Structure formats: structure tokens, C-alpha cells
Amino acid sequence: IGDHWGYGKEDGPSAWHRHYPVAKGNRQSPIDIIPNEARRDSRLGPIFLKYDQCRSLNIANNGHSVVVEFDDSDDRSVVLGGPLDNPYRLKQFHFHWGGKGCEGSEHTVAGVGYASELHVVHWNAVKYKTYNDAAAAPDGLAVLGIFLELGDDHRWLHMITDALYMVKFKGSTTDFKGFNPKCLLPSSLHYWTYLGSLTTPPLHESVTWIVLKEPIVISEKQLGMFRMLQFNGEEEDQRMRMENNFRPPQNLKERIVRSSN
Ligand SMILES: O=C1NC(=O)[C@@H](c2ccccc2)S1
Ligand SMILES: [Zn+2]
């Protein structure tokens with residue numbers, strides 16, 4: 001039956017709770033981050049991204065976003081430090097973005113959204129045998145969120161946008177070797193962190209979020225290339241441009257956001 005959720009009027013974020021009741025849970029993501037209310041915590045050390053041995057495998061259109069997958073069969077590429085009690089293995093990264101001239105990030109900062117948001121997904125292979133087990137556990141995933149704002153061309157993003165024509169339709173995938181996500185990081189790794197969830201169904205409350213304060217810069221032209229992707233498969237007659245694939249901010253409930261120094 002495949003995924004019966006999407007980002008449209010009928011199947012979008014406001015309807016997800018019908019099949020996924022955790023959508024109304026106590027640690028849902030994304031959230032609006034209010035810098036002045038974030039608690040500066042001296043116990044929060046820096047995060048370390050050990051990506052030098054990472055092995056990218058493919059780039060795919062899963063009908064919700066464009067995803068680059070990595071070989072996660074060993075601890076070759078991990079994130080550690082910061083709020084994390086052990087290393088989390090790099091699994092994949094993907095993006096969320098808006099329509100022309102609209103916001104598109106999932107997290108917002110003091111009520112302001114960015115044009116897009118990159119999510120780098122890692123899983124706790126120390127405590128869990130498989131990614132799927134980790135994805136359902138309260139300390140199973142660590143997702144690094146990076147804001148994308150509009151400006152000049154990003155010097156390395158073309159490596160991704162040049163491949164997008166190969167994965168225009170849902171269900172398409174193509175080889176994508178030798179890409180290191182380190183080239184998509186901003187200069188500062190200062191971050192906000194809080195306990196949250198997957199931002200798409202099944203919305204598991206399994207994510208330690210690490211949201212970088214400094215955005216990276218991409219051009220409108222580069223972002224426009226993402227919008228030529230389609231939510232639909234090649235054989236479907238209903239053509240739907242892939243855009244506005246973001247969940248809006250959710251209630252903070254009893255949580256606090258902590259800030260690195
Ligand atoms: O940060 C997130 N963004 C998403 O699209 C969600 C997700 C869902 C399944 C796998 C990986 C990520 S969780
Ligand atoms: Zn995401």
C-alpha cells in the first residue's frame with residue numbers, strides 16, 4: 001500500500017495524527033527555537049563529525065524528499081560529543097524546502113523560517129542492532145539540522161543538484177559515490193539541542209536534535225533545481241512538483257532547548 005501520507009491538503013501534517021496518533025505527543029518535532037529562552041549549558045561540549053571515512057552509496061527520491069544514503073555497516077562515519085552519550089552512525093541526509101519565495105525549513109528561529117533545512121540522520125548502533133530498532137527508541141537517533149538561506153551559489157551543492165534529474169520521480173535511485181557531507185557544513189558548529197521526533201510519519205519520538213545556529217548559503221537557482229523533483233512516480237498521470245515538504249513547528253510542551261557555548 002506504500003506511504004499514504006504526504007504534504008497535501010488531505011494527507012498533509014494536519015491529517016497525520018489519524019494514522020499516527022503520536023503526532024499529538026509530548027516530544028514532537030520540529031519546534032520554533034527561541035534563542036533567548038534556550039538554556040546555555042556549560043556541560044554541553046562541542047560536537048564532532050567524523051565523516052572522513054564516510055561512504056555514500058546512492059541518491060534517491062522516496063516520494064517525500066531526495067535522500068543520500070551511506071554505508072552504515074560499521075562505525076566509519078559518526079557524530080559524537082555534545083548531548084550524545086555515545087557515537088551515532090551516519091545513515092542518510094535529505095532536505096526539506098518551500099515553494100518559490102516561501103519558507104521551507106522545519107525548525108524556525110524566533111518565528112522565522114529559512115528557505116530550506118538539511119537533515120543528517122545518525123543512529124545509535126552501540127545500543128541498537130538495526131537502524132529500524134534505533135528509529136523507534138527514545139535515544140535511538142541523532143539528527144543534525146542545518147538551515148539553508150538564499151544568497152550566492154553553494155560551491156559544492158552542484159554535486160547534488162547535478163544528480164537530481166536522475167531521480168525526478170518517486171521510487172528512482174541512482175549511484176552516488178564519493179560524496180562527503182562535510183562540504184555542506186557551516187563554519188561554526190554551535191548548536192541548539194532538544195529531545196524530539198521524526199518530522200515525518202511514523203513520527204517516532206526517538207530523535208536527539210542538534211540544530212546548528214549558523215545557516216549555509218545556497219542560491220535561488222540551486223534551490224529551484226530541487227523543485228523540479230516530483231512527489232509522484234513516473235507512471236502516475238497526476239504530476240505533483242516536490243515542494244513545501246516540511247512539517248510546521250509543534251508544541252514545545254514541557255521541554256527546554258539547550259544551547260552550546
Ligand atoms: O528529521 C527527519 N526528517 C525526516 O524526513 C524524518 C525521517 C523519516 C524516516 C527516515 C529518516 C528521516 S525525521
Ligand atoms: Zn528531515
Side-chain angles (χ1 to χ4, degrees), residues 2-8 11-13 16-17 19-20 22-23 25 27-33 47 56-70 72 77 79 83-84 88-98 103-108 113-125 128 130-148 160 167 170-171 173 181 184 191-212 215-216 223 226 229 231 242-250 257:
D3 291 329
H4 40 254
W5 63 271
Y7 291 96
D11 63 359
W16 292 349
H17 68 94
H19 289 280
Y20 306 93
V22 74
R27 57 173 280 191
Q28 288 291 294
S29 293
I31 58 168
D32 178 42
I33 296 168
I47 57 167
S56 66
L57 299 173
N58 59 57
I59 186 167
N61 177 335
N62 64 11
H64 310 299
S65 182
V66 57
V67 187
V68 173
E69 297 249 284
F70 289 83
D72 62 345
S77 35
V79 57
L84 305 173
Y88 283 62
R89 231 177 246 184
L90 173 62
K91 169 78 179 161
Q92 56 108 304
F93 70 78
H94 62 273
F95 299 83
H96 302 265
W97 60 92
E103 306 298 29
S105 64
E106 299 213 298
H107 291 90
T108 53
Y114 286 86
S116 173
E117 187 171 331
L118 161 62
H119 288 159
V120 192
V121 180
H122 310 75
W123 63 282
N124 186 340
Y128 305 101
T130 68
Y131 165 79
N132 282 325
D133 288 350
D139 58 351
L141 300 183
V143 182
L144 187 66
I146 300 169
F147 293 120
L148 281 67
I160 291 174
V167 289
K170 176 172 72 173
T173 178
L184 297 177
Y191 61 89
W192 294 290
T193 185
Y194 75 98
L195 297 180
S197 73
L198 297 177
T199 63
T200 65
L203 299 170
H204 291 318
E205 298 188 325
S206 59
V207 180
T208 298
W209 277 96
I210 298 170
V211 180
L212 298 188
I216 60 170
L223 189 58
F226 284 85
L229 296 167
F231 282 124
M242 188 178 277
E243 58 186 17
N244 296 309
N245 56 348
F246 63 92
R247 187 190 195 190
Q250 304 299 304
V257 177

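Side-chain atoms are counted along with the backbone in the values below, which use heavy atoms only and exclude waters and symmetry mates. Owing to the predicted nature of the structure, the values given are computational and were not obtained by experimental measurement. Each ligand, and each atom within it, is numbered from 1 in the order the structure gives.
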### Query
Atoms of ligand 1 less than 4.0 Å from Trp209 heavy atoms?
1 (O)
### Query
Can you list the ligand 1 atoms lying under 4.0 Å from a non-hydrogen atom of Tyr131?
10 (C), 11 (C)
### Task
Measure up the His64 and Tyr7 rings against each other and bin them: parallel (under 30°), tilted (30 to 60°), perpendicular (over 60°).
perpendicular
### Query
Is the closest heavy atom of Gln92 to ligand 1 under 4.0 Å?
yes
### Message
Quick check: do Val121 and Val67 have side-chain heavy atoms less than 4.5 Å from each other?
### Response
no
### Task
Pull out every atom of ligand 1 sitting under 4.0 Å from any heavy atom of His119, numbered as shown with elements.
1 (O), 2 (C), 3 (N)
### Message
Out of all atoms in ligand 1, which are within 4.0 Å of some heavy atom of Leu198? Include the element for each.
### Response
13 (S)
### Query
So, does Thr193 use its side chain to make a donor-acceptor pair with the main chain of Trp209 at under 3.5 Å?
yes
### Query
Is there a heavy atom in Phe93 that sits closer than 4.0 Å to ligand 1?
no
### Task
Decide whether Asp139 and Tyr128 meet the rule of one side-chain donor and one side-chain acceptor closer than 3.5 Å.
yes
#### Entry: Residue, atom name and distance, where the atom is the protein heavy atom closest to atom 7 (C) of ligand 1
Thr200 OG1, 3.7 Å
#### Entry: Residue His119 atom name (nearest to the Zn ion (ligand 2); N/O/S)
ND1
### Query
Judged by non-hydrogen atoms, does His96 sit under 4.0 Å from ligand 1?
yes
### Query
What residue among Trp97, Tyr114, Tyr191 forms ring pair (Phe, Tyr, Trp, His ring centres under 6.0 Å) with Phe147?
Tyr114
#### Entry: Aromatic ring pairing Tyr131/Trp123, orientation class (parallel under 30°, perpendicular over 60°, tilted between)
perpendicular
### Message
Aromatic contact between His107 and Trp192, with the criterion being ring centroids under 6.0 Å apart: yes or no?
### Response
no
### Task
Quick one: look up the protein heavy atom nearest atom 2 (C) of ligand 1 and list residue, atom name and how far away it is.
Thr199 OG1, 3.5 Å
### Query
Considering only heavy atoms from C-beta outward, does the side chain of Pro138 approach that of Arg27 to under 4.5 Å?
yes
### Query
Nearest to atom 12 (C) of ligand 1, what protein heavy atom do you find, and at what distance?
His94 CE1, 3.8 Å
